[in-house]
Amino acid sequence: LVATGSRYKRLGIPGENKFDGKGVAWCSTCDAPIFKGMDVAVLGGGNSGLEAVHDLLPYAKNIILIHRSDTLKGDPVLEERILREPKVAIILNAEPKEILGGDMVTGLKYQDKTSGETKELKVQGVFVKIGQIPNTEFLGDLVKKNEWGRVIIDHKTQKSSIPGIWVAGDSSDVL
């Protein structure tokens, strides 16, 4: 039984690793209460990012959703709900460049992809919500996988393409 889960995608920018657990967060359902009364950036404009904004609404003072594209990619109902929130600002066409701080996060540098200008936000938290990677690399080409590396299974039995190998959870193509 393969049930190796997944891991969060990383940006690979300066400060991301240094401030992991010191203002950089990955799980909004786990960590949103830590940011009560703070200004927070959420990086990612898909469902993960929109859901993180929703999770932060009862806690954060202000939430800035930053997305690399010119349109959000999440569920329209969730997007509409978030757009109505006065403490949520959305910055599109923005490329995160560096997470700033001393002992803890104090800001985020990003590049405005339209103007080319580098800008800085004062935030105490950064939630990286750009997707997940299944932990299936160790399987190599042994079983069939989809384009995201999730093992393709029979959704009723959990069987993979190879007899005797079953897959469950984030390692599988069942989402």
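Numbering starts at 1 and runs along the sequence shown.
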E80 vs R84, test: salt bridge (charged side-chain N to carboxylate O under 4.0 Å, His left out). Steps then yes/no.
CA-CA 7 Å; E80 183 180 313; R84 288 193 307 253; 3.3 Å; yes
Option from S171, S172, P134 for which side chain to side chain contact (heavy atoms under 4.5 Å, CB included) with R150 holds:
P134
Could you walk me through whether D170 and R7 pass salt bridge (charged side-chain N to carboxylate O under 4.0 Å, His left out), step by step?
CA-CA 9 Å; D170 289 347; R7 62 192 180 279; over 6 Å; no
Donor-acceptor under 3.5 Å (K113 side chain, L92 main chain):
no
Between L100 and F19, is the side-chain contact (heavy atoms from CB on, under 4.5 Å) condition met? List the steps.
CA-CA 8 Å; L100 308 169; F19 297 111; 5.9 Å; no
Y8 and W26 aromatic ring geometry - parallel, tilted or perpendicular at 30°/60° bounds:
parallel
Taking only Lys NZ, Arg NE, NH1 and NH2, and the carboxylate oxygens of Asp or Glu, determine whether E16 and K22 approach each other closer than 4.0 Å.
no
Would you find a donor on one side and an acceptor on the other, under 3.5 Å apart, between the side chain of Q158 and the backbone of W166?
no
Using a strict cut-off of less than 4.0 Å between a Lys/Arg side-chain nitrogen and an Asp/Glu carboxylate oxygen, indicate whether K18 and D103 qualify as a salt bridge.
no
Looking at K119 and D112, is any side-chain nitrogen of the basic one under 4.0 Å from a carboxylate oxygen of the acidic one?
yes
Clusters formed by hydrophobic residues whose side-chain heavy atoms approach within less than 4.5 Å: which one holds V167, and what are its other members?
V2, F138, L139, L142, V143, V151, I153, I162, I165, V174
In terms of side-chain heavy atoms, does N93 have a donor or acceptor partner in R68 at a distance below 3.5 Å?
no
Side chains of D173 and H155: any donor to acceptor distance under 3.5 Å?
yes
If only atom types and distance count, is the side chain of K97 paired as donor or acceptor with the main-chain N or O of T118 below 3.5 Å?
no
For K122, does the NZ atom sit with more than 12 other heavy atoms under 6.0 Å from it, leaving out its own atoms?
no
Give a yes or no on this: more than 12 heavy atoms of other residues, nucleotides or ligands lie within 6.0 Å of atom NZ of K87.
yes
Look only at the side chain of N135 and the backbone of T4, and say whether a donor-acceptor pair between them is shorter than 3.5 Å.
yes
Using the salt bridge (charged side-chain N to carboxylate O under 4.0 Å, His left out) rule, collect all pairs that involve residues 45-64, keeping only residues at least two apart or in two chains.
none
V24 side chain near V128 side chain, heavy-atom distance below 4.5 Å
yes
Do any N or O atoms from the side chain of E120 and from the backbone of K109 form a donor-acceptor pair under 3.5 angstrom?
no
